[in-house]
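Have a look at the structure below, then the notes.
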Amino acid sequence: MRRIVTVSERVVETPSTVTLRFTDPTPARPGQFVMVWVPGVDELPMSLAYAGDPKGITVKVMGEASGRIQSISPGTLLGVRGPYGNAFDLSPRRLLAVGGGSGTAVLAPAIEALVERGGDAVAALGATTASELLFADRLRDAGAVVHLATDDGSAGAPGFVTGVVEGLLRHQTFDAVWTCGPEVMMRKVVLAGRTAGIPTFCSVERWMKCGLGLCDACALGPYHVCIDGPVFPGETLLAAPGFSEFYRDASGRRRPYARPSAPGPAAHGP
Amino acid sequence: MADLRVDLAGVALRNPFLLASGIWGESGESLKGVWAAGAGGVITKSIGREPRAGYPNPTVESYDRWGFLNAMGLPNPGIEEYPQEIAIARGAGALVVGSVFGHDADEFADLAERLAATGVAALELNLSCPHAEGLGAEVGSDPGAVEEICRAVVRRVRLPVIAKLTPNTHDIAALAVAAERAGAAAVSAINTVRGLSIDATLRRPTLSHGLGGLSGPAIKPVGLACVWQIYEKVRIPIVGVGGIGRAEDALEYVLAGARAVEVGTAVAFEGVGVFGRLARDLSSRLDALGVSRLSDLVGAAHRESGAGATAAAP
């Protein structure tokens with residue numbers, strides 16, 4: 001089940017994110033995640049930023065382990081298990097995708113797949129500053145219309161991306177909204193979707209250990225992100241105790257999310 | 001419909017299927033979900049004095065359908081914060097058994113007393129985690145230590161105390177005898193079986209901790225043997241654990257001497273629906289056998305076997 005892969009390429013995407021590519025023939029669907037083992041360091045859940053061949057993960061520095069994963073060079077051996085979890089439903093004809101920070105990593109391959117199937121995609125990407133905007137060019141190349149927002153106003157609309165989303169939902173029609181980013185941001189997106197009468201789907205990122213539905217680390221209300229998610233209907237999350245309020249740390253203790261907007265415990269993966 | 005209700009040391013269970021400690025159980029919502037799915041009761045994660053992160057990943061190795069090797073390292077939110085999770089489960093009507101671990105008798109007794117105050121129905125002492133230094137099986141493989149810990153806890157709490165025993169010893173029955181002598185109301189057996197997984201390409205153990213504990217269908221014969229041996233030596237009830245995912249597995253444990261059983265790995269294989277299915281299947285199986293009460297079968301295989309089956313293989 002676990003296999004050893006060789007890192008074939010390392011790409012610096014932004015000052016805080018790096019993509020590692022590797023060949024792994026196990027089929028995966030956009031939205032799923034893998035457990036990536038860096039021997040001697042840690043094993044972390046990572047969304048697939050590239051779900052085809054070669055696969056790729058986009059790592060954001062969150063702590064010691066993700067920092068060491070970022071510095072990995074081509075030729076390094078990694079353990080990979082999975083893919084785990086569900087995937088995005090690619091059937092919407094007209095999609096709005098909302099990425100907060102490195103959350104865009106999991107949306108990108110799904111947007112590409114949707115456009116390939118003939119769908120239209122609009123992407124709203126937010127970041128703290130212009131240099132931290134992830135995959136804007138990649139999504140334009142895929143055929144998506146891309147809107148930007150930065151906290152410091154250095155690119156696109158100044159402020160949170162949720163402001164851009166509210167405007168898009170007022171003036172355009174969509175079949176579905178996908179989002180990935182901090183839970184506090186996703187909650188706002190879900191509420192905006194509810195107001196507009198459009199179904200939302202969120203890719204949730206939680207602390208995770210087993211990835212198999214065993215350990216309870218990723219418990220979110222009555223759900224486990226690893227087996228019931230990582231993609232959830234927005235309305236399901238609004239009804240789940242704890243969504244956007246707290247996550248559980250490695251000990252299972254409740255830790256509140258900072259407000260109004262801060263990265264989650266593992267904004268690089270589910 | 002056959003009667004699946006069992007009396008476990010004075011605790012009335014609606015059916016014999018308990019959620020094993022360590023599976024889910026970090027969050028009250030998860031415990032609540034297991035109860036709603038039909039479990040006879042839920043056992044919490046093993047709780048210690050302080051929040052404990054456990055070992056770094058990898059903490060679990062999967063062997064597909066035959067089990068998992070894990071070395072989680074006893075992660076838990078700690079006794080200060082955990083009661084809010086128990087309150088959520090109890091608020092939904094769940095029968096909750098609190099599990100504790102400690103380094104010595106005093107620590108076990110303190111934690112048991114604090115957990116007892118949360119309204120749990122019974123306490124399970126983790127004397128058997130196979131991969132934590134100075135904890136679990138390291139204290140629980142010595143009958144003298146088991147006796148001392150059980151005695152200290154029994155003196156401090158009025159609830160039934162269940163000693164969870166390790167199979168990683170030459171004589172698990174001696175541990176059960178020690179627990180019984182100290183006043184434990186029941187024993188549960190077994191915890192995971194010590195194991196190791198190595199990645200040949202990387203030439204290193206796959207779990208960060210190295211050694212781990214094996215669970216799942218692969219260990220059912222080990223668990224059955226332990227329950228069998230314990231039943232021959234003690235009068236207190238036994239909770240059977242290890243590789244139970246089908247009604248037939250539970251029936252085998254009951255025939256070997258178990259009064260109730262714990263289910264863990266099967267939750268990962270099948271989801272929480274496993275509890276309702278096990279209860280339905282076991283009831284049907286008993287009906288087909290013409291047995292009206294599950295409890296009538298406890299230890300029945302001993303009565304059929306004669307002396308031969310109790311002797312060790314040559």
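Just so it is clear: chains get the letters A, B, ... in the order the sequence lines come, proteins before strands, and each one is counted from 1.
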Which atoms of [X] are under 4.5 Å from chain A, going by heavy atoms: the side chain, the backbone, both sets, or neither?
X	result
B/F269	neither
B/L202	side chain
B/S27	both
B/K32	neither
B/I88	side chain
B/N70	neither

Next item on the list: Determine, using ring centers only, whether A/F232 and A/Y223 are less than 6.0 Å apart.
Entry: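 Close enough - the centres of the two rings lie under 6.0 Å apart.
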Next item on the list: Check whether the ring centres of A/W207 and A/Y247 lie less than 6.0 Å apart, and answer yes or no.
Entry: no
Note to self: Using only atom types and a distance under 3.5 Å, with no angle test, would you say the side chain of B/N76 pairs donor to acceptor with the backbone of B/I47?
What the structure shows: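 Not at all, since once roles are kept as given, no pair shorter than 3.5 Å links the two residues.
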Next item on the list: Sort A/L212 into side chain, backbone, both or neither according to what part of it lies under 4.5 angstrom from a heavy atom of chain B.
Entry: both
Margin query: Does any backbone or side-chain atom of A/P39 lie under 4.5 Å from a heavy atom of chain B? Answer side chain, backbone, both or neither.
Written below: both
Item checked: Min side-chain heavy-atom separation B/R246-B/D281 under 4.5 Å -> no
Selection from [options] maximising heavy-atom pairs under 4.5 Å formed with chain A:
options	value
B/G264, B/P58, B/A268	B/P58
B/G54, B/G28, B/P51	B/P51
B/D199, B/V267, B/V272	B/D199
B/G33, B/S62, B/S30, B/G22	B/S30

Margin query: Shorter than 4.5 Å, heavy atoms on both sides: which option in A/G79, A/A219, A/C215 has the most such pairs with chain B?
Written below: A/C215
Margin query: Which one wins on heavy-atom pair count under 4.5 Å against chain B: A/L220, A/D249, A/D216, A/L77?
Written below: A/D216
Margin query: Could you check whether A/R21 makes a cation-pi contact with A/Y50, meaning its NZ or CZ is under 6.0 Å from the centre of the six-membered ring and within 45° of the ring axis?
Written below: yes
Can you tell me if [X] has over 12 outside heavy atoms packed within less than 6.0 Å of its [atom1]?
X	atom1	answer
A/E235	CD	yes
B/R90	CZ	no
A/R68	CZ	no

Notebook entry, point to check: Looking at B/V100, B/L115, B/D110, which hits side chain to side chain contact (heavy atoms under 4.5 Å, CB included) with B/I79?
Noted result: B/L115
